[in-house]
Amino acid sequence: MSQQELQYIGGARRLGSGEPLSVTAPATGEVIATGKGATAADVDAAVAAAKAAFPEWAGTTPGERSDLMHAWVRVLHERADELAAVESVNAGKPIRLAQEFDVPGTIDNTAFFAGAARHLEGKSAAEYSGDHTSSIRREPLGVIGSISPWNYPLQMAAWKILPAVAAGNTIVLKPSELTPLTSLLFAEAATAAGVPAGVINVVTGVGPVAGQALVEHPDVAMVSFTGSTVVGRQVAATAAGSVKRVHLELGGKAPFVVFDDADLEAAARGAVAGALINVGQDCTAATRAYVQRPLFDEFVGRVADLMDRVTLGPVEDPETDMGPLITRKHRDKVSGMVDRARDAGAKVVRGGRIPEHTHEGGAYYEPTLITGATQDSEIVQQEVFGPVLVVLPFDTDDEAIALANDTAYGLAASAWSTNVYRTQRASREIQAGCVWINDHIPIISEMPHGGYKASGFGKDMSAYAFDEYTNIKHVMSDITAAAHKPWHDVIFRAE
Ligand code: NDP
């Protein structure tokens, strides 16, 4: 296979100058691209391109940026099939998921930020002191360094790039080196739409080399990171060395609370979809179902039935419901956690193993349903990031809320009930950046996504993301034209 240029710097593809890099298809284990990883020198070149592009891009009007982003939307529509096919192969997603979720979601996000570019908000200018006009400017920060994970490569690239460039920043994105292909296509589509070279750059390389160099770079004004809590902590610590703004979207362990008046069929279906989306490699996936005791057995039975109907298969087959995990190494991690739960006395009601017949070379794992785990066990407390749902019983509403809040994470949660007071209470008291009521997973461009607690801070998507990617400047202009201002008398009284 010929070498591919996996870096996108200053509007052109380049070969990296680091170690050889192979990109493989998780469903087959086949190598689909080979190239070289980015080194600190490549990161430096990308940051220089972004820095050079910044003054002109920051100087465009919001309307000009909006027009270019709308043109980008049109290019993405034209290339939607290619984006879906590449995302499906590179990230191991069933083609249906790529076509119906990843790509349309990304295009909608781009369209949202094309419009939002013209709606930066702030307090109205006014004479708050009486003697001055105060006004607010929202200014781009400069070069943003972004680091994204492998689970939703295209959407994560979009979530990082769009608010940053809509607000007038330029950016260097480091995708996971496992899944760089659609991030590169997304950036190229922007250039094809007329976004100037250097505004969006992509460096493909490993975290400790390319990621570290980006976070440390003196010309990077802010680091926006999506990934695990462990690496997020390291990134924040490194960024603190040069006092960079940090935006962290980290791991999750979403609770799924089913009260005894819930629509059981809706809850069971919601649990299966919420736990198995993207093979559970979703930071908001339903991972811990707490079910009030009268519904417990029926809920477990219904979820098991539905899991039996999930079809594993090749990602290009439209009949496939669930593809592989991202790598065999990750599958070993998932299966190790399930094995330890089993050894500790939990019951594996469904799955809990590598499928026998299918998919040579791919990192497949069966949909897995677990009961009988204890609240303090690893499988309940730690992120599995696989197709694993643990179901635990509860008796009182107080207990349900306490259990839902009893992990280090706080990214997303759901509550299932037909009683409005119960759902309102759950939405008030569950500590998470998103609480769904009678659903689990849907996201929407107009609304923010972000965590509480060890799930990080800062918001992706929606106009709230602009709070991350702009500096707020207060301009206070004297309107009296007086040399002697009354407040001077507090300091000195010379006539
Ligand atoms: P990791 O934290 O392992 O990696 C995330 C990114 O950080 C990758 O690009 C990685 O590069 C890079 N990285 C690794 N080490 C460093 C370093 N020292 N300095 C700078 N960058 C580094 O996460 P995964 O890729 O495994 O993704 C899964 C995680 O992402 C889960 O915990 C999941 O919950 C979380 N996530 C959170 C979301 C949210 O919105 N809160 C959304 C999606 C996922 P490399 O790949 O080369 O190691």
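Whatever order the structure lists ligands and atoms in, that order sets their numbers, starting from 1.
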Side-chain ion pair, R353 and E366, N-O less than 4.0 Å: yes
What does the N/O contact table under 3.5 Å look like for ligand 1?
from: ligand 1; atom 1: 2 (O); to: S228; atom 2: N; distance (Å): 2.8
from: ligand 1; atom 1: 2 (O); to: S228; atom 2: OG; distance (Å): 2.6
from: ligand 1; atom 1: 9 (O); to: S148; atom 2: O; distance (Å): 2.8
from: ligand 1; atom 1: 9 (O); to: K174; atom 2: NZ; distance (Å): 3.1
from: ligand 1; atom 1: 11 (O); to: K174; atom 2: NZ; distance (Å): 3.1
from: ligand 1; atom 1: 11 (O); to: G207; atom 2: N; distance (Å): 3.4
from: ligand 1; atom 1: 18 (N); to: Q234; atom 2: OE1; distance (Å): 3.4
from: ligand 1; atom 1: 23 (O); to: S228; atom 2: N; distance (Å): 3.4
from: ligand 1; atom 1: 25 (O); to: W150; atom 2: NE1; distance (Å): 3.1
from: ligand 1; atom 1: 26 (O); to: W150; atom 2: NE1; distance (Å): 2.9
from: ligand 1; atom 1: 30 (O); to: G227; atom 2: O; distance (Å): 3.4
from: ligand 1; atom 1: 32 (O); to: E383; atom 2: OE1; distance (Å): 2.7
from: ligand 1; atom 1: 34 (O); to: E383; atom 2: OE2; distance (Å): 2.5
from: ligand 1; atom 1: 40 (O); to: H449; atom 2: NE2; distance (Å): 2.8
from: ligand 1; atom 1: 41 (N); to: L250; atom 2: N; distance (Å): 3.2
from: ligand 1; atom 1: 41 (N); to: L250; atom 2: O; distance (Å): 2.6
from: ligand 1; atom 1: 46 (O); to: S176; atom 2: OG; distance (Å): 3.3
from: ligand 1; atom 1: 46 (O); to: E177; atom 2: OE1; distance (Å): 2.8
from: ligand 1; atom 1: 47 (O); to: E177; atom 2: OE1; distance (Å): 2.3
from: ligand 1; atom 1: 47 (O); to: G207; atom 2: N; distance (Å): 2.7

Just to verify, what does T110 make a side-chain hydrogen bond (donor to acceptor under 3.5 Å, both in side chains) with, not counting sequence neighbours? none
Before you tell me yes or no, could you show the steps for E121 and R138 under salt bridge (charged side-chain N to carboxylate O under 4.0 Å, His left out), namely the whole-Å CA-CA distance, both residues' side-chain angles and the distance that decides it to 0.1 Å? CA-CA 8 Å; E121 291 184 346; R138 294 187 74 146; over 6 Å; no
According to salt bridge (charged side-chain N to carboxylate O under 4.0 Å, His left out), does anything in residues 226-239 pair up with another residue at least two apart or in another chain? List the pairs. none
Among residues two or more places apart or on two chains, list those pairs meeting ring pair (Phe, Tyr, Trp, His ring centres under 6.0 Å) that have a residue in residues 10-29. none
Please find the pair of heavy atoms, one from P175 and one from S183, that lie closest to each other, and give the distance. CB-OG, 3.7 Å
